[in-house]
Amino acid sequence: MDYMHTARSVEDRLLSYKKDESGWKTCKKTNDVVVCWRPSCEFAGYVYKGEGIVNGSPEKVWDCLKPEINGLRVKWDSNIKKFELLEQVSADVLICRTVTPSAAMGIISPRDFVDVISIKRYEDGTVSSNATNVSHPNCPPQPGYVRGFNHPCGCFCVPVPGEPGKTQLFSFFQTDLGGLLPRSVVDSFFPTSMVEFYSNLTKAVKSMK
């Protein structure tokens with residue numbers, strides 16, 4: 001499988017989501033984040049967009065977000081139990097297995113996901129993480145986990161002009177959780193989970209020295 005090609009194409013796809021303002025409908029709003037959704041072009045579900053300002057420089061926010069084995073992300077993100085590095089394809093492209101705990105009061109059982117993840121830095125100081133599902137010979141479906149599939153997803157840490165201590169954070173989720181879950185459970189899970197994601201991230205950044 002050409003992981004580099006997949007990584008570059010998911011970068012382009014994520015950037016197009018960020019630039020395209022059409023068709024988004026607001027589904028949840030708090031002081032931290034506005035969550036919108038629209039039908040996915042990738043699968044029979046939705047793509048969700050979160051947008052909010054986080055008090056912390058882009059590098060600080062990125063330190064909390066980056067997909068790192070035993071990194072900060074697994075400590076504060078309640079939807080991630082474990083990251084495993086399956087292959088380092090290049091300096092900025094890796095294949096990871098992500099394990100998630102059960103959710104929605106146990107209705108959603110533990111999942112695992114295998115993704116190619118690309119880290120991209122832009123000239124304006126933006127840092128982005130771009131991921132999509134792939135298969136990998138070292139990671140067939142595992143007992144005890146339902147294999148889910150992330151369609152193009154990720155985040156952008158964007159500097160706020162004139163405010164070096166703030167970051168505009170765009171996040172995109174479009175996940176096929178797999179298994180026979182009622183649509184209503186899935187549709188209510190993601191907006192709530194994204195609000196929690198921004199709230200927990202804000203606390204994590206604040207607690208950094």
Side-chain angles (χ1 to χ4, degrees), residues 10 14 17-18 24-38 40 42 45-83 96-113 115 117-119 126-133 148-158 160 166-178 181 185-208:
V10 77
L14 259 286
Y17 293 163
K18 182 172 170 285
W24 296 104
K25 292 180 181 171
T26 302
C27 57
K28 225 168 182 62
K29 200 172 185 176
T30 68
N31 291 336
D32 294 318
V33 61
V34 177
V35 181
C36 304
W37 64 269
R38 71 181 187 196
S40 169
E42 306 286 338
Y46 295 112
V47 52
Y48 295 90
K49 173 173 77 168
E51 183 180 347
I53 299 289
V54 179
N55 285 316
S57 67
E59 285 302 328
K60 256 191 177 182
V61 174
W62 174 245
D63 279 344
C64 288
L65 286 171
K66 61 187 172 188
E68 221 174 25
I69 314 309
N70 301 318
L72 293 173
R73 180 77 177 265
V74 292
K75 294 181 172 71
W76 66 263
D77 190 339
S78 56
N79 283 317
I80 295 181
K81 197 170 180 181
K82 185 165 64 169
F83 273 129
C96 269
R97 174 178 180 247
T98 307
V99 176
T100 63
S102 65
M105 296 182 293
I107 298 170
I108 301 173
S109 58
R111 259 63 181 164
D112 73 346
F113 303 85
D115 300 293
I117 304 174
S118 168
I119 313 303
T126 295
V127 190
S128 72
S129 168
N130 313 267
T132 193
N133 72 86
F149 299 94
N150 284 318
H151 296 281
C153 60
C155 61
F156 292 84
C157 298
V158 183
V160 177
K166 291 192 174 179
T167 302
Q168 185 178 26
L169 179 66
F170 293 90
S171 59
F172 296 92
F173 290 85
Q174 59 177 336
T175 301
D176 179 354
L177 287 170
L181 290 170
V185 170
V186 176
D187 291 349
S188 65
F189 170 71
F190 279 107
T192 305
S193 150
M194 287 175 74
V195 165
E196 194 179 76
F197 171 86
Y198 274 78
S199 171
N200 289 345
L201 171 63
T202 299
K203 289 173 194 160
V205 172
K206 192 176 178 182
S207 72
M208 288 175 76

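As a basis for the values below, the full set of heavy atoms in this structure was taken, side chains included, without hydrogen atoms, waters or symmetry mates. Residues take their numbers from the sequence shown, with the count starting at 1.
Of the inter-residue distances, the one linking K60 atom NZ with C157 atom SG reads 13.5 Å to the nearest 0.5 angstrom. Interatomic distance, NE2 of H151 versus OG of S40, reported as 6.5 Å (0.5 Å rounding). Of the inter-residue distances, the one linking T175 atom OG1 with N79 atom CG reads 10.0 Å to the nearest 0.5 angstrom.
Judged by distance alone, the side chain of R97 and the main-chain N or O of D112 form no donor-acceptor pair under 3.5 Å. At distances below 3.5 Å, not a single donor-acceptor pair connects side-chain atoms of N130 with backbone N or O atoms of G154. N133 places a side-chain N or O within donor-acceptor distance of the main-chain N or O of N150, the cut-off being under 3.5 Å. Side-chain N or O atoms of R38 include none that pairs as donor or acceptor with a backbone N or O of K49 at under 3.5 Å. Between the S199 side chain and the V195 main chain, no donor and acceptor come within less than 3.5 Å of each other. Y17 places no side-chain N or O within 3.5 Å of a backbone atom of F172 that could act as its donor or acceptor partner. The main-chain N or O of C64 is found under 3.5 Å from a side-chain atom of W76 such that the two form a donor-acceptor pair. Judged by distance alone, the side chain of Y198 and the main-chain N or O of L169 form a donor-acceptor pair under 3.5 Å. In this structure, the side chain of Q174 engages the main chain of P152 through a donor-acceptor pair within 3.5 Å.
A 4.5 Å side-chain heavy-atom check between C153 and Y48 finds every atom pair outside the cut-off. A 4.5 Å side-chain heavy-atom check between L14 and S128 finds every atom pair outside the cut-off. Side-chain atoms of S102 and P110, non-hydrogen and from C-beta on, do get closer than 4.5 Å to each other. In this structure, the side chains of M208 and L72 come closer than 4.5 Å at one or more pairs of heavy atoms. Proximity of I119 to P67: side-chain heavy atoms (C-beta onward) are separated by under 4.5 Å at one or more points.
Only one option out of V127, T202, T167, V158 pairs with V61 in a side-chain contact (heavy atoms from CB on, under 4.5 Å); it is T167.
Annotation: W24 is not in aromatic contact with Y46 [ring centroid separation under 6.0 Å not met].
Other residues, nucleotides and ligands contribute more than 12 heavy atoms inside 6.0 Å of the NZ atom of K66. Other residues, nucleotides and ligands place more than 12 heavy atoms under 6.0 Å from the NZ atom of K75.
Every residue two or more places apart in sequence or in another chain was checked for a side chain to side chain donor-acceptor pair (under 3.5 Å) with D176, and none qualifies. Contacts of D77 classified as salt bridge (charged side-chain N to carboxylate O under 4.0 Å, His left out), with partners at least two apart in sequence or in another chain: R73.
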